[in-house]
Amino acid sequence: MIVLWIILWILAGIMGLVLVLLLVPFGASARGAAQDLELHGEFRIGWGFGLVQARGGAGEPPHLRLAGVRVKALGRDRDVEDDAAREEKARKKRAPGPGVRWFLAHRRTLLRAALRLLGSVRLEGRVAGTFGTGDPADTAALFGILQMISGRAARLRLDVRPLYVDEGWDLEGWVRLGVWPVRTVFAALGLLLGRDVRRAIRSARA
């Protein structure tokens, strides 16, 4: 009987933790610029109305804060990383993931999924600049998708200009995201029941 009560208390604790994670809001914000693979700016990720935060940039390294108090640095300082660690990291390069062509091949399915998820979050901000994929057709298709997303998120303004004959990114701005996890989880579960979404996920793993 004692063992049964212990199991029940453990299950109740797990269920309570899951409910807390689903019901407590999550937020993130970022501000800066991106030029090809170079990123400059600052970010902030918060949970529980700012009780737990991860932040970095603007002159301070990424770190974790609890109730406003800095408690832990995130990542390693590049200056103290030894050569052996760098060589080991270079040997463990990840295989390339799905690229722009995969995205464009499934753009209708992914766009429907993105728009549905956007309905469950609060997204606002402004991003300006230029971008190009190196392929005029791909650039035009991606630009059309960005316009549709911008039209769905009323508080998000994308002042971006496509470069049809160049490849690269030159963007700057800010974005703020607010998530009520329980709404987003239900939206995501509904999407995973769709055959088109599952097919796109399988092709990304191939």
Side-chain angles (χ1 to χ4, degrees), residues 1-32 34 39 41-58 60-75 97-98 103 106-127 145-158 171 173-202 204-205:
M1 181 64 70
I2 295 178
V3 175
L4 178 60
W5 276 107
I6 293 175
I7 295 175
L8 290 176
W9 276 108
I10 292 175
L11 291 176
I14 294 175
M15 293 179 62
L17 179 60
V18 171
L19 285 176
V20 169
L21 293 176
L22 289 177
L23 297 177
V24 176
F26 162 87
S29 63
R31 180 185 299 272
L39 301 176
E42 56 184 310
F43 74 92
R44 181 177 300 182
I45 302 172
W47 178 83
F49 304 99
L51 178 64
V52 180
Q53 287 189 0
R55 54 195 297 183
E60 60 179 359
H63 62 278
L64 183 68
R65 287 177 177 264
L66 180 61
V69 179
R70 180 169 174 167
V71 295
K72 182 179 177 57
L74 301 176
F103 178 82
H106 299 277
R107 60 182 179 273
R108 297 183 183 275
T109 298
L110 296 176
L111 181 58
R112 287 197 299 268
L115 293 178
R116 183 168 178 179
L117 290 177
L118 278 177
S120 68
V121 304
R122 179 185 178 91
L123 180 63
E124 57 182 342
R126 181 181 182 276
V127 179
I145 292 173
L146 291 176
Q147 286 183 311
M148 294 182 67
I149 294 176
S150 178
R152 183 63 180 267
R155 296 177 177 270
L156 177 65
R157 182 177 179 182
L158 299 179
L171 303 171
W174 64 274
V175 177
R176 187 178 297 117
L177 176 69
V179 181
W180 199 270
V182 65
R183 294 183 59 190
T184 305
V185 167
F186 277 112
L189 290 176
L191 289 172
L192 290 176
L193 295 177
R195 182 178 302 175
D196 292 341
V197 173
R198 296 200 305 269
R199 185 183 299 115
I201 294 174
R202 287 196 298 268
R205 295 175 177 175

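For I2, the side chain to side chain contact (heavy atoms under 4.5 Å, CB included) test picks out I6, with sequence neighbours left out. The side chain to side chain donor-acceptor pair (under 3.5 Å) test applied to R176 returns E124, not counting sequence neighbours. Remark: L4 engages M1, L8 in a side chain to side chain contact (heavy atoms under 4.5 Å, CB included) (not counting sequence neighbours). Residues satisfying the side chain to side chain contact (heavy atoms under 4.5 Å, CB included) test with R31, not counting sequence neighbours, are E42, W174. Residues meeting the side chain to side chain donor-acceptor pair (under 3.5 Å) test with S120, sequence neighbours left out: T184. Every residue was checked against the salt bridge (charged side-chain N to carboxylate O under 4.0 Å, His left out) condition with R183, not counting sequence neighbours, and none meets it. Here R116 pairs with nothing under the side chain to side chain donor-acceptor pair (under 3.5 Å) rule; sequence neighbours left out. For R44, the side chain to side chain contact (heavy atoms under 4.5 Å, CB included) partners at least two apart in sequence or on another chain are S29, Q53, R55. Under the rule for a salt bridge (charged side-chain N to carboxylate O under 4.0 Å, His left out), R70 has no partner lying at least two apart in sequence or in another chain.
With rounding to the nearest 0.5 Å, the separation of CG in L171 from CG in L158 is 9.5 Å. Residue W47 holds its CH2 atom at 6.0 Å from CG of L21, rounded to the nearest 0.5 Å. Taking CG of L22 as the reference point, atom CH2 of W180 lies at 11.5 Å (rounded to 0.5 Å).
Across all non-hydrogen atoms, the minimal contact from L39 to A34 is CD2-CB, 3.3 Å. Between G48 and V24 the shortest heavy-atom distance is CA-CG1, 3.2 Å. Contact record, A188 with L117: N-CD2, 4.0 Å, taken as the closest heavy-atom pair. Considering every non-hydrogen atom in both A54 and F43, the closest pair reads O-CE1, 3.7 Å.
Counting heavy atoms from C-beta on, the side chains of L23 and V20 never come closer than 4.5 Å.
Note on residues 184-195: no pairs pass salt bridge (charged side-chain N to carboxylate O under 4.0 Å, His left out), not counting sequence neighbours. Listed by first then second residue, pairs satisfying salt bridge (charged side-chain N to carboxylate O under 4.0 Å, His left out) with a partner in residues 17-28 number zero, not counting sequence neighbours.
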